[in-house]
2 protein chains.
Amino acid sequence: MSIADDFDLQNFLPYLLNQAAEESSLRFQQVYKDRYGMLRTEWRVLFHLGIYGKMTAKEIGERSKMHKTKISRAVAKLAERRFLTRQRDGADRRLEYLELTEAGRRAYRDLRQVAMEYDSALAARFSDADMATLRRMLRALASGAA
Amino acid sequence: MSIADDFDLQNFLPYLLNQAAEESSLRFQQVYKDRYGMLRTEWRVLFHLGIYGKMTAKEIGERSKMHKTKISRAVAKLAERRFLTRQRDGADRRLEYLELTEAGRRAYRDLRQVAMEYDSALAARFSDADMATLRRMLRALASGAA
DNA sequence: TGTTAACAGTTGATTTTGTAACTAACAACG
DNA sequence: CGTTGTTAGTTACAAAATCAACTGTTAACA
């Protein structure tokens with residue numbers, strides 16, 4: 001009954017995805033952690049602002065699917081370190097526009113460079129066709145559309 | 001500089017993998033959480049024992065790459081709920097063999113069924129060839145071998 | 001208007017994780 | 001033996017994530 005069960009954990013997609021995600025995040029994590037003392041939520045916010053420009057916490061939440069409390073705390077940390085500035089919307093004073101400072105942009109560019117090189121190193125292990133398939137499937141899985 | 005940056009977060013593999021892993025874990029998480037009040041570490045330990053049979057915490061750690069403190073706590077929880085028993089090795093009294101109880105096996109079989117159906121549902125969205133490619137690539141990424 | 005609901009974002013309490021130090025047991029080698 | 005090092009597993013404390021309740025604001029509409 002227990003020995004040689006036919007179910008294979010290594011092929012269970014959610015498990016396999018988690019293992020791959022964790023392993024592939026390790027080295028990048030070392031960089032943003034050691035070099036900037038950031039958490040995962042913080043580099044994600046930094047990247048959203050670096051890539052898409054000025055936006056509100058709500059928009060970051062919609063794009064990243066991170067919970068608003070995580071974003072709120074990450075934003076507070078980044079603001080404290082002078083990596084971003086906040087400006088209230090004049091018309092709707094609930095909204096706050098977030099924008100990277102020059103220091104924030106420098107950190108973003110630095111980490112983006114690391115990310116791109118790391119991504120290339122990962123991709124180099126597979127054929128272009130396989131990588132295209134992988135990315136397409138991961139996007140489909142991430143979008144969750146049944 | 002910030003608007004229309006050419007780096008695409010959605011194609012950064014570690015990020016994409018995390019998004020896919022999180023999204024694809026959601027529904028299964030609901031089941032083991034709602035039905036058994038388990039955490040991710042707990043169902044993983046349960047599955048390791050269900051699939052491979054009696055083994056020590058150390059072996060679970062080697063197979064799952066989970067840190068030993070996580071395993072220790074998960075084992076304590078599962079033992080408290082009478083899902084597993086612990087027996088000290090007679091020769092080397094540091095080792096403790098873990099084995100599912102009948103209640104533990106019932107929970108495992110129940111969750112395994114859910115996992116298999118869920119995995120099939122996910123796989124049904126893609127061709128067999130693509131799924132084979134995906135699994136092969138994820139295993140390679142998870143193994144971390146450069 | 002006035003009242004109620006909805007929304008953006010924050011804070012506090014609780015839970016879970018991560019790190020380091022610890023206990024108990026075995027091993028290696030003088 | 002006896003000292004030193006290693007190992008399996010636990011515990012204590014700090015860091016972080018989660019969940020619920022909160023503030024301040026806008027919207028809806030009687």
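Computed over heavy atoms, backbone and side chain alike; hydrogens, waters and symmetry mates excluded. This is a predicted model, so every value here is computed, not measured. Below, read A as the first sequence line, B as the second, and so on, with proteins coming before strands; counting in each chain starts at 1.
- Between B:Lys68 atom NZ and D:dT7 atom P there is a gap of 10 Å when expressed in whole angstrom units.
- Between the side chain of B:Arg73 and the base of D:dG9 there is no donor-acceptor pair of N/O atoms closer than 3.5 Å.
- Closest-nucleotide positions on DNA chain D for A:Thr41 and A:Thr69 were compared, and the one nearer the 5' end corresponds to A:Thr41.
- At the heavy-atom level, B:Ala91 lies under 4.0 Å from the strands shown only through sugar-phosphate atoms.
- Rounded to whole angstrom, the span from the CG atom of B:Leu39 across to the P atom of D:dA17 amounts to 16 Å.
- Each of B:Val75, B:Leu78, B:Thr56 was checked for a side-chain contact (heavy atoms from CB on, under 4.5 Å) with B:Arg86, and the lone residue meeting it is B:Val75.
- Counting atom types as modelled, A:Arg40 pairs no side-chain N or O with a base atom of C:dG18 as donor and acceptor under 3.5 Å.
- Counting only heavy atoms from C-beta on, A:Ser72 has its side chain closest to C:dT11 among D:dT25, C:dT11, C:dT17.
- When A:Arg73, A:Lys70, A:Lys77 are each tested for a side-chain contact (heavy atoms from CB on, under 4.5 Å) with A:Glu42, only one passes: A:Lys77.
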Item checked: Derivation of the side chain to side chain contact (heavy atoms under 4.5 Å, CB included) call for A:Phe126 and A:Leu134 -> CA-CA 10 Å; A:Phe126 307 101; A:Leu134 177 65; 5.5 Å; no
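- Spacing between atom CG of A:Asp89 and atom P of D:dT25 amounts to 13 Å, rounded to whole angstrom units.
- To the nearest angstrom, P of C:dT19 lies 7 Å from NE2 of B:His67.
- Both tests do not hold together for B:Arg44 against A:Tyr15: distance to the six-membered ring centre under 6.0 Å, angle to the ring axis within 45°.
- Between the CG atom of A:Asp92 and the C1' atom of D:dA28 there is a distance of 15 Å, rounded to whole Å.
- A donor atom on one side chain and an acceptor atom on the other are not found under 3.5 Å apart for B:Gln19 and B:Glu23.
- In this structure, B:Thr56 reaches the sugar-phosphate backbone alone: every heavy-atom distance under 4.0 Å involves primed, P, OP1 or OP2 atoms, never a base.
- In this structure, the CD1 atom of A:Ile60 is 14 Å from the P atom of C:dA8, given to the nearest Å.
- A residue-by-residue look at A:Arg86 and A:Lys33 shows that A:Arg86 has its nearest nucleotide of DNA chain C further toward the 5' end.
- Atom CD1 of A:Ile71 and atom C1' of D:dA16 are 16 Å apart (whole Å).
- The NZ-P distance, from B:Lys70 to C:dA20, rounds to 16 Å in whole Å.
- A sub-4.0 Å separation between OP1 or OP2 of D:dA8 and a side-chain N or O of B:Lys58 is present.
- A donor N or O paired with an acceptor N or O is found under 3.5 Å between the base of D:dT7 and the side-chain atoms of B:Arg94.
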